[in-house]
Number of protein chains: 2
Amino acid sequence: MEKQFHPNISVDCVIFGFDFKKLNVILVERNVHDPVNGAKQISDLTLTGNHVYFDEKLEDAAKRILFNLTGLSGIYLEQFFTTGDPERLKSVKDQVWLQKIGKDPRERVVSVCYFSLLNCDEITLKMGNRKIGWYSVKEAKNLAFDHGTILGNAIKALQTKLLYEPIGFEMLPEKFTLTQLQKLYEVVFDVEFDKRNFRKKVSKMNYLVPLDEKQKGVSHKPARYYTFSRELYEKNSSAMFNFSI
Amino acid sequence: MEKQFHPNISVDCVIFGFDFKKLNVILVERNVHDPVNGAKQISDLTLTGNHVYFDEKLEDAAKRILFNLTGLSGIYLEQFFTTGDPERLKSVKDQVWLQKIGKDPRERVVSVCYFSLLNCDEITLKMGNRKIGWYSVKEAKNLAFDHGTILGNAIKALQTKLLYEPIGFEMLPEKFTLTQLQKLYEVVFDVEFDKRNFRKKVSKMNYLVPLDEKQKGVSHKPARYYTFSRELYEKNSSAMFNFSI
DNA sequence: CCAAAAGTGTTCAACTTACACCCATGT
DNA sequence: ACATGGGTGTAAGTTGAACACTTTTGG
């Protein structure tokens, strides 16, 4: 007996990446052509997702999606939201699409959503016959299904998490400069920080380790590289109370 | 045709309440007796939950559960977590129980979890033939299914949310004293605050409105009552950036 | 030598923390 | 009168925000 997908339970992954300039997300093209004249009936974008196997844990399904896409495992992954309204797949476009890919368009699908963090440069994406790639979150409009809502929630969840935990490093290479780190916070929160004040702040994070290595081949003063030490973070981090409101 | 429950999709509600002394949660007794000798086979506690109807939104199912329990609508409600591992209902106890209440024990059930906030005193609970009541979150041990995990996640979600938004008032009566408010924060975060510093902090929250009314019948200096003004909060609140890490 | 980004300190205001006594009420 | 919790201020230390110039490299 083959592994079977559960018709009512799926997982969607919002995969964020940072290219030193902006916050990106992986999206997949969704095209349907008119069988008669070949004109495009649908042309838009979806998040990456899939139904779960009957005997598969939710998080394992998310890991499977990530692995099939990138060939990597051990990627940062966090559940943040679940969408499951009966009408969420009922627009005409979505019904046409479900028909095309061989799903029963009448089934109600609850989708458990995860966000996950990658360094854009380190991977090459692949996914069967659909075109897949990185898109700026600011340009990610006109998404299929309720994926626009999911993406909006994912960005808020990422921001909230990033206020408390140093997960930004998951989107940076092993070695990075302080300017790159600052830019990362700036694009996630869509604000700008003062360079000196930012450096003062991060200099208190003793899990941010300066290396003896510097940038090469840049036509300006080369920046020192830093690295994130998970051990130091886990040793020294302590709970904080801060209730701002 | 009768409304039917979806066999694979349920909602659980973690209903928190504050009684001026501790943080409480609503739990329901789960008893199974041996049909021969009448001895208890199972005696433990569950969260409140139910399967969703086929055409019912997830959040509407949560509202329905709350309404059936308390007779109230408009209760604070927030989705925080979804659990759906294939094994989550597979312990012997849980299988016996599912059989007893007429569910198919083989079905996989994804449960979307909400937490919700109430003032303990303002309601009387009712729920068919099962015994239901408030339990201190500290004593809430030995929960059925994976409800212990769900409760743990709910407490963390409540704490995180309470750092940013003034939702604590949902667990207080319309009029409350500053000491009651302080106690609420103390029990949710399991810490103690200095009375003067706490008052200094909340005095900056201009949506906390002092009333001309005071406590009566207390054998000490009567405390002034305050009330929470949602309008003032929504007018004056602004986003904050704070990334502590 | 020019362009480009790296790196670095000080000042002022705001906030956090620690801490102790008198007040109003009921019994 | 006493027990109980209500209510208040100050000083020291810490943190946050604003702000400009010199350095190092490649071209």
Q. How long is the line joining CZ of B:Phe198 and C1' of D:dT8, in whole Å?
A. 16 Å

Q.
Whether A:Arg230 engages the ring of A:Phe169 as a cation-pi pair (distance to the six-membered ring centre under 6.0 angstrom, angle to the ring normal within 45°) should be assessed.
A. no

Q. Quick one: are the ring centres of A:Phe228 and A:Tyr207 less than 6.0 Å apart?
A. yes

(Q) From C-beta outward on A:Ser219, which listed nucleotide comes closest to its side chain: D:dG26, D:dT10, D:dT24? (A) D:dG26

Q) B:Asn197 has a side chain; which of C:dT17, D:dC19, C:dC23 sits nearest to it? A) C:dT17

Q: Among the candidates D:dA20, D:dG7, C:dA24, find the nucleotide nearest to the side-chain atoms of A:Arg196.
A: D:dA20

Q) Is the phosphate of C:dA6, meaning OP1 or OP2, less than 4.0 Å from a side-chain N or O of A:Arg224? A) no

Q. CG of B:Asp194 versus P of D:dT10: gap in Å, rounded?
A. 16 Å

Q) How about A:Phe16 and A:Phe18: are their ring centroids closer than 6.0 Å? A) no

Q.
Rounded to whole Å, please give me the gap between NZ in A:Lys21 and P in C:dA5.
A. 11 Å

Q. Separation of A:Lys214 atom NZ from D:dT23 atom P, in whole Å?
A. 14 Å

Q: Tell me which nucleotide among D:dT8, D:dT24, C:dC19 gets nearest to the side chain of B:Lys195.
A: D:dT8

Q.
Please tell me whether B:Phe81 and B:Phe115 form a close aromatic pair, meaning their ring centres lie under 6.0 Å apart.
A. no

Q: Please lay out, stage by stage, how B:Glu231 and B:Lys235 fare under the test salt bridge (charged side-chain N to carboxylate O under 4.0 Å, His left out).
A: CA-CA 6 Å; B:Glu231 297 99 289; B:Lys235 263 178 203 148; over 6 Å; no

Q. B:Glu192 has an atom CD; how far is it from atom C1' of C:dC19, in whole Å?
A. 16 Å

Q) What integer distance in Å separates B:His220:NE2 from D:dT4:C1'? A) 6 Å

Q. From the list D:dT24, C:dA6, D:dG6, which nucleotide is the closest neighbour of the side chain of B:Ala223?
A. D:dG6

**Q.** Pair of N/O donor and acceptor under 3.5 Å linking C:dT10 base with A:Lys200 side chain
**A.** yes

**Q.** N or O in side chain of B:Arg199 less than 4.0 angstrom from D:dG7 OP1/OP2
**A.** yes

Q: Please state how far atom CD in A:Glu186 lies from atom P in C:dA5, giving the value in whole angstrom units.
A: 14 Å

Q: Verify the contact: side-chain N or O of A:Lys204 to OP1 or OP2 of D:dG16, cut-off strictly under 4.0 Å; return yes or no.
A: yes

Q) Distance check: side-chain N/O of B:Thr179 vs OP1/OP2 of D:dG6, anything under 4.0 Å? A) yes

Q. Rounding to a whole Å, what distance do you find between B:Lys221:NZ and C:dT27:P?
A. 19 Å

